[in-house]
Structures are given as structure tokens and as C-alpha cells.
2 protein chains.
Amino acid sequence: MSTRPRAARPRQPAAVTRSTIFDAARELFGESGFDAVGIRAVAARAGVDAALVIRHFGSKEQLFLETMTVDLPAVRVMEGPLDGMGRAIVEHVVCLPSTRTGALAVTALAALFRASDRDEVRRNLRSTIDEVFARPLVRRLTGGDAEVRAHLVAAQLGGLLTSMHVVQDPVLLAADPQAVVARYGDAIQQLISEGEGAAA
Amino acid sequence: MSTRPRAARPRQPAAVTRSTIFDAARELFGESGFDAVGIRAVAARAGVDAALVIRHFGSKEQLFLETMTVDLPAVRVMEGPLDGMGRAIVEHVVCLPSTRTGALAVTALAALFRASDRDEVRRNLRSTIDEVFARPLVRRLTGGDAEVRAHLVAAQLGGLLTSMHVVQDPVLLAADPQAVVARYGDAIQQLISEGEGAAA
DNA sequence: CGAGGATGGTCAACATTGATGACAAGCGTA
DNA sequence: TACGCTTGTCATCAATGTTGACCATCCTCG
């Protein structure tokens, strides 16, 4: 007997195992980020061999990108009235993490930022921000540098998000959410409505 | 002859080799980030054995943190007048990369952001931002939520910096620097001067 | 001069990582 | 039964950061 019989779990349709791995990866990546989570850890949590993870997703990076997606919750706000949109958006970034999908979105975006050392992740981050933040806004704004202003708003949002969920600035985390919404929201609002009538 | 004589470069004082490694690491990390640069690459560039790098700096992470430092150029601006400080700060983030030390600072901060998946790097990033951006501002601001406002400004700056040098938003990179300075600077200015007279 | 120790440097190895390819086992079908 | 597709496992690879044993050079003191 040179080869003992291989264990072989009860067979399952590919979609099921894939989904199991997906869930395990989503949780682990969300908790600890790309770097700290090995492919073997994901496999263990899913009750599966490490090689299977690669077979289903191609690479660890691909798995990461597929799990850490933002199911655009912010885009709704940007279809509302321009007045007060600044505060509304900030509220979605600051307060929304209490909801289920909101927390996922914020967690995923933060995880993307933290892993942005990899080219592919950086590309993904770029297009994600463009889709979720910048483009919806560009469609709403008019006047002078509408496009630039929209992307500057996206920059502001990214700044607040990274400050709170990547850098984890203790002052901001401990601050009164209402104050943050008011202050930062108004700063964004200025960028939104500043050039609507005429350019500077 | 089981052991051939070991090569042994001409001996040098420790400080010199350390400095050589330091320079090599600074360049490579600045160009390609933490992840893409192996310790052996740094060693090769410095003309040194890989083990020596570790012996001098303890670990790759430590080397990274020691090389990617921000020699606070922004702090000068924050000692000037509060009026127009917003635009002045943004100018230092957007236009300053043409100077030598400015480029280093921006590059280093961007590299820290991109490698923020590691706990130690994140800690370093947090205190760096606090020292370079937040604390100097806290000292200048008065009124309502002076501290919170200062940290929100830091968040805005981090947002612009990551948008341009991490995410590399093509719209912002192609935009007229003057427009960016004006728009974003004014948004920051609002956060600076908003609560100076009375709290909301 | 020569013994001894500190200092500077090299090499071979280790554990862990992501990834690959050969192969086994289940399951449907002809 | 025999074939073939899908699903799963194992052994293995190359590359990574890191370590410890080992040289080699220089300074110093007897």
C-alpha cells in the first residue's frame, strides 16, 4: 500500500462549495484584511482543501477582489435633492455601518484601501470609487468644473472613510457622529453647490 | 576543501553600510511599495547580502517604517495665517511633489497608506498623520469642536492625497492644479474657519 | 609580535506562503 | 461494464522573510 485511500468528502455541486468558500473568505478578509488571511485559513474555515480554493477562484487576489465588493448603497442618496446631499452622504458613511449591508460595504472598501499595494487591487479600487461615488455625482452636477468637483467629493468621502476605518483616528471615532455629519457634510456640500451658478 | 573561502567585501563601518541599505530601500519602496520589493532586491541594490539587511534593521517591516518617513513640510503652512490656509495646504499636497523633499514626503505617505494592511504600519500611519496634520492644526484652532474639526481637515487631506497618489484618479491627475487648489482648498477653509466665532 | 575579542560579513538552512499538476473518487450515461 | 466529466486531495514547487552558525578583518593589550 503505497497510497492510502484518499478521504474524499461527500460530493457536492460546485456552486455550493464555491459559495461556502466565498462566505468564509468574506468573513475572514473583512475581519483581518488581505495580508493576514492565508489561503489555508480560508480553506480550513470552509472545511475544504487549500488547492480547491485556488481551483475555484484562480488566485488569492482574485478571491479577495470577488468577495470584497461594494454593493453601492451610497448611490441612492445621490439621486435625491442636491440640497443637503452633503450631510446625507456623510451620514451614510458614518452611521450606516450599523446596518448589515452598510457594514459590509464599508468593511470591503476599507479592506480594498488597505490592500492597495497590489496593482490589481488598486485598479479595482479606482473603478469601484468611480462607479459608486464619482460617476453618480457627475451625472447630477452642472456648471464649471462639474467633473472635477465630483471627483473631489469622492476624494473627501474616501478621506473620511479611510480616516475612520483604516487609520482609525481615535478622535473621529470618539466624536459625536452628529457633529461629524454636520461639519464634514457642509464642507462637501460647498463642493457640490459652489459652481452650480457660475465658475470661479 | 569542504568550505571555499568566503568572499568578504572590504570592511566598512556599520553606519556606512546601514546608510547604503537605507538609501536603496528608500528608492525601491518609494517606487514599488512594500509588497513588491523583496528584501533580496534591496540587498542586491545595496550590494550586500540579504541577511545583513535584517541584521541592521531587524525586519523588513522595520526597514520600511524607518525609510518611509514624512519630514513634515506641511507643518510650516499651518503656522501661517488662518486666512487662506486651506488653499495653502492643498497647494503643498498637489504642487509640492515637484520639489525634492516634497516628493519624498508624499511618496512616503502614499506608501504607508498602501501598506496599511499591516498593524504596525497602520499604527505608524496614524501617529504620522496626527503629528504632521492634526496636532499642528489643533493648536491653531479655537471655538466649538476645534479638535474634531482639525482631525476632519486631516481626513480631507488624506483623502486628496490617497485619491491622487494611491487610487490615482485620472480625472484629478489630469485636472488643472489651480482649480483643485481653489475648490478643495475652500472646502477645507470652511472647516477651518467655520466654528471660530461660535459653535453650530 | 601574538593572543583575544569585538565588529562586519557570508552562507546554508528553516518555516510559511501562494500556486501547480498528477491522481483518486464519485456519478451519470451509453 | 466501461467511458468520461466533475469534484476533491495530496505531494510538491518556487519564493519569501528570518535565523544561527560560521568566517574574516581590525583594534587592543600584554
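Lettering of chains follows the sequences in order, A, B, ..., and the numbering in each one begins at 1.
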Legend entry - Exam field: side chain Gln189(B) to backbone Met85(B), donor-acceptor pair closer than 3.5 Å: yes
Inset, instruction - Starting at atom CD of Gln62(B), determine the distance to atom C1' of dG17(D), rounded to an integer number of angstrom. - result: 14 Å
Inset, instruction - Can you figure out which of dT19(D), dC11(C), dA19(C) approaches the side chain of Asp49(B) most closely? - result: dC11(C)
Inset, instruction - Rounded to the nearest angstrom, tell me the gap between atom CZ in Arg118(B) and atom P in dT17(C). - result: 12 Å
Inset, instruction - Mark yes or no for a side-chain to base donor-acceptor pair under 3.5 Å between Arg55(B) and dG8(C), with no hydrogen or angle criteria applied. - result: no
Inset, instruction - Take atom CD1 of Ile21(B) and atom P of dG8(C), then tell me their distance rounded to the nearest Å. - result: 12 Å
Legend entry - Residues Asp119(B) and Arg122(B) bridged, charged N to O under 4.0 Å: yes
Legend entry - OP1 or OP2 of dG18(C) under 4.0 Å from side-chain N/O of Ser59(A): no
Inset, instruction - Rounded to the nearest angstrom, tell me the gap between atom CD1 in Ile39(B) and atom P in dC11(C). - result: 17 Å
Inset, instruction - Flag this pair as yes if the NZ/CZ of Arg114(A) is under 6.0 angstrom from the six-membered ring centre of Phe34(A) and inside a 45 degree cone about the axis; otherwise no. - result: no
Inset, instruction - Using a strict 4.0 Å threshold on nitrogen-to-oxygen distance, state whether Asp169(B) and Arg126(A) make a salt bridge. - result: no
Legend entry - Phosphate OP1/OP2 of dT7(D): any Thr17(A) side-chain N/O under 4.0 Å: no
Inset, instruction - Looking only at side-chain atoms of Leu52(A), point me to the closest of dG9(C), dG18(C), dG8(D). - result: dG8(D)
Legend entry - Atom-pair distance (CZ on Phe64(B); P on dG17(D)), nearest Å: 13 Å
Inset, instruction - Could you tell me whether Ala51(B) contacts a base, only the sugar-phosphate backbone, or nothing, with contacts defined as non-hydrogen atoms closer than 4.0 Å? - result: base
Inset, instruction - Please tell me which of the listed nucleotides, dG8(D), dG18(C), dG9(C), lies nearest to the side chain of Gln12(A)? - result: dG8(D)
Inset, instruction - Give a yes or no on whether a salt bridge exists between Glu66(B) and Arg18(B), defined as a side-chain N under 4.0 angstrom from a carboxylate O. - result: yes
Legend entry - Whole angstrom value for the distance that separates P of dA21(D) from CD1 of Ile54(B): 17 Å
Inset, instruction - To the nearest Å, give me how far apart CZ (Phe34(B)) and C1' (dT16(D)) are. - result: 11 Å
Inset, instruction - Please report, rounded to the nearest Å, how far the P atom of dC11(C) is from the CZ atom of Arg40(B). - result: 13 Å
Legend entry - Toward the 5' end of DNA chain C, by each residue's nearest nucleotide, Lys60(A) or Ala15(B): Ala15(B)
